[in-house]
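These notes are about the structure you will find just below.
Source: prediction; values computed, not measured.
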Amino acid sequence: MSTRAAKKAKLEALPQCPYGATCYRKNPEHFKQFSHSDPTLTTTTTIEIQPTNNKTLSICPFGATCYRKNLLHFAEFSHPFNLLNPDMDSSDEEDINESNVKLQTTGGSKKRKAESEEYDDGDKTEEYNSDDESAYDVKLEKTFSKMNDDEKRLMIERAFELKEQLQEKLKKSREEAEERKKEVEQLQTKITEGSLLMEGEEEVLKGTTVKYFELFPERKYKQGSADEVHFRLAESQFYRLLSGYATASVTKVEYVCNPVLIKNFNKARDELKEQRGVEYSYPVLAFHGTAVANIQPICETGFKIPGQKGFKHATDSGYYGRGTYFSEYPGYSMGYIQGSTKLLLCQVLQGKVYKCTKLINGAGLQHGFDSHCSPCQKELVIFRSDYILPQYIVHYKVNPGEFKYTPHGITKEVIKKKLNKIGKLYKKAVAVKDQKIFNDSKFAFIGQMTDTPIAIETLIHRFGGSVCKNELASHGKKTSKKALAYAYFDGSKYDPPNIVICSLDEMEAVTPSMELQAYKNMTYQSFYREDFLYDSIIAGTMKPLEEYEHS
């Protein structure tokens, strides 16, 4: 038996590849394991078409099933057609036995690709994607090697046109990316320089009046907006170093814009930069805890440093120096604001810091330094008022439960306008027909309401609620304010409410009333506006309490 006949017999003994002669695989091991003769063909005929320019081209290893997309490849290699090629030119059909050939259509090639995904013998191959229209903007009806010179020239010209178009698109994309990069860099520069302005802030900075911008948590991220940046900055600083109050959450932030303090702070920062260098001039964000009554005066006129006229240290002589104390850890500052849920977040210039190793009660600023810090470095002591810029008032809640976004969109100015017309809202509520709205709700009232206590109580009863009957405790002798606050109500007759309505005047008073302080001392943290009652009655259902909470 001849070598050729033996080789043929060996091939016929191998299992048949599902794709026969049109198999697209390239792994040599695959061809050793499977036969690729097509049983539907009595003979296998390969027709090689010579190019028109009489130059013999090298034959591509993949023949008619070549997967390449570069048109120049077709100018360098010949791609002979076999009998099963779907793009066979009609002029070649004269030499083919049509009775033994089943020509595949474009749909057949798609089917073959789908079948190839189901049948995988583990060989890693690069598949020909017949549906890639972007790669084949010009559909080849003939192989490049069969075209005449004019056809080749036109096709190559078209290919270069497509290449130029692609380059133009790429150039445009790069330009757009550069523009976006510049926008981000400009935004970062604005934040660093403090020039990212709120609406109306530019006009405020030209004058001397202090402006408070109320900011709330938003579910939608408004990229690049000043209110979004300011809120997230204060919120992240609060959460980042929060310890001991793991379930506290920020409910609102007031951004304080005081043109006079900003000017003084920037001047002091420039001086510190000249004296110490750039790295000493960067401020840190630190919290300061104080009584609620002190927050607005501080924001209006700045911090007072111990030793300044009219200022007396509120707690002690100063364990680590006779200055104003701050901490980057909000938990430290919370210890100084019993009964309140507001913290000041300030920009603080440290400069060169003296690190205390022990208590130095009431000592002044150490020579050659700009500030002090405690041995644990969690307390900062500042000795110059222009080194401090009160920037945010952070409102928070302790143990608030699951966080929920609440519809706000109502500022202090809008609330005041609404409460100025509370009489009309009250009359509208009184005219509503009786129904059960406030079932199982016990109310307590602090401050002056729209009508008399008896009229308000009658209205509450009409709609299913009740009012607590708490009587004042009688004290025969003078008692300290703190003791009086805890014993404000007669303990034997105290009826705990679940909703405390408080007037706006009471909430904004510099010194809270004894009644309000008593409720705060009894762990009441939430107090609500009077319009909650009337809106609920008019709507015929209890409105969400969080929308009416005093912040």
Side-chain angles (χ1 to χ4, degrees), residues 182 184-213 224 226-227 229-230 232-234 236-237 253-288 295 297-309 311 320-328 344-355 364-373 377 379-394:
K182 288 179 182 178
V184 172
E185 289 175 350
Q186 289 171 0
L187 178 60
Q188 290 175 336
T189 303
K190 286 181 179 180
I191 295 173
T192 304
E193 296 176 352
S195 58
L196 185 68
L197 302 179
M198 300 284 293
E199 185 177 352
E201 186 176 357
E202 188 173 0
E203 290 72 20
V204 174
L205 290 172
K206 294 176 182 178
T208 58
T209 306
V210 181
K211 173 73 174 177
Y212 299 86
F213 296 91
D227 53 349
V229 172
H230 282 300
R232 288 181 181 267
L233 176 62
S236 63
Q237 189 68 18
V253 171
E254 290 182 77
Y255 169 53
V256 183
C257 182
N258 187 324
V260 176
L261 296 185
I262 291 173
K263 183 178 179 180
N264 293 341
F265 180 81
N266 289 335
K267 182 180 178 181
R269 184 181 178 185
D270 290 338
E271 291 174 356
L272 190 60
K273 186 187 296 184
E274 270 187 48
Q275 181 184 358
R276 299 287 189 192
V278 176
E279 63 178 280
Y280 287 98
S281 67
Y282 292 113
V284 297
L285 286 170
F287 294 94
H288 179 79
I295 291 179
I298 289 174
C299 294
E300 300 283 341
T301 60
F303 278 86
K304 302 297 182 185
I305 302 298
Q308 286 184 332
K309 186 178 179 181
F311 180 82
Y320 304 108
R322 197 160 174 255
T324 303
Y325 281 67
F326 295 86
S327 178
E328 294 175 84
L344 277 170
L345 179 58
C346 309
Q347 287 194 55
V348 177
L349 294 172
Q350 294 184 106
K352 189 176 181 181
V353 183
Y354 174 77
K355 297 179 181 178
L365 177 63
Q366 297 296 303
H367 179 69
F369 295 90
D370 303 300
S371 65
H372 294 176
C373 75
Q377 300 184 30
E379 291 182 90
L380 311 176
V381 189
I382 307 300
F383 294 84
R384 284 180 53 171
S385 58
D386 56 352
Y387 276 19
I388 310 165
L389 178 64
Q391 192 162 32
Y392 302 104
I393 304 172
V394 180

Here the gap from K352 atom NZ to L272 atom CG, rounded to the nearest 0.5 Å, amounts to 12.0 Å

Check whether any side-chain heavy atom of V353 sits under 4.5 Å from a side-chain heavy atom of L380, and report yes or no. no

Ignoring hydrogens and geometry beyond distance, is a side-chain donor-acceptor pair present between Y392 and Q237 at under 3.5 Å? no

On a heavy-atom basis, which atom in C257 and which in I262 lie closest, and how many Å separate them? SG-CD1, 4.2 Å

Under 4.5 Å between any side-chain heavy atoms of Q350 and Y387, yes or no? no

Could you go through R384 and I305, starting from their C-alpha distance and side-chain angles, then the distance that decides it, and tell me whether this counts as side chain to side chain contact (heavy atoms under 4.5 Å, CB included)? CA-CA 7 Å; R384 284 180 53 171; I305 302 298; 5.7 Å; no

Rounded to the nearest 0.5 Å, what's the gap from CG on L389 to CG on L285? Could you check? 10.0 Å

From E271 CD over to N266 CG, what is the distance, rounded to the nearest 0.5 angstrom? 11.5 Å

Side chain N258, main chain V210, donor-acceptor under 3.5 Å: no

Any chance you could measure Q275, atom CD, to D370, atom CG, to the nearest 0.5 Å? 6.0 Å

F265 to P283 - nearest heavy-atom pair and separation: CZ-CB, 4.0 Å

In terms of heavy-atom contacts, Y320 and Y325 come closest through N-OH, 2.8 Å

Starting at CG of L261, measure out to CD of Q347 and round the result to the nearest 0.5 Å. 12.0 Å

Given 3.5 Å as the limit, does a donor-acceptor pair link the side chain of S236 with the main chain of L233, or not? yes

Which pair of heavy atoms, one from I393 and one from Y212, lies closest together, and at what distance? CD1-CE2, 4.1 Å

Using side-chain heavy atoms (C-beta onward) and a distance below 4.5 Å, is K267 in contact with D386? no

Side chains of L197 and L205: does their closest heavy-atom pair fall under 4.5 Å? yes

Paired with V256, the side-chain contact (heavy atoms from CB on, under 4.5 Å) test is passed by just one of C299, P390, C346, namely C299

Before we go on, tell me: are the rings of F303 and F326 under 6.0 Å apart, centre to centre? yes

For L349 versus S281, what's the shortest heavy-atom pair and its separation? CD2-O, 3.4 Å

Look up atom NZ in K355 and atom OG in S371, then write down how far apart they are to the nearest 0.5 Å. 11.0 Å

Before you tell me yes or no, could you show the steps for L365 and H372 under side chain to side chain contact (heavy atoms under 4.5 Å, CB included), namely the whole-Å CA-CA distance, both residues' side-chain angles and the distance that decides it to 0.1 Å? CA-CA 7 Å; L365 177 63; H372 294 176; 3.8 Å; yes

Shortest non-hydrogen contact from Y255 to E201? OH-OE2, 2.7 Å

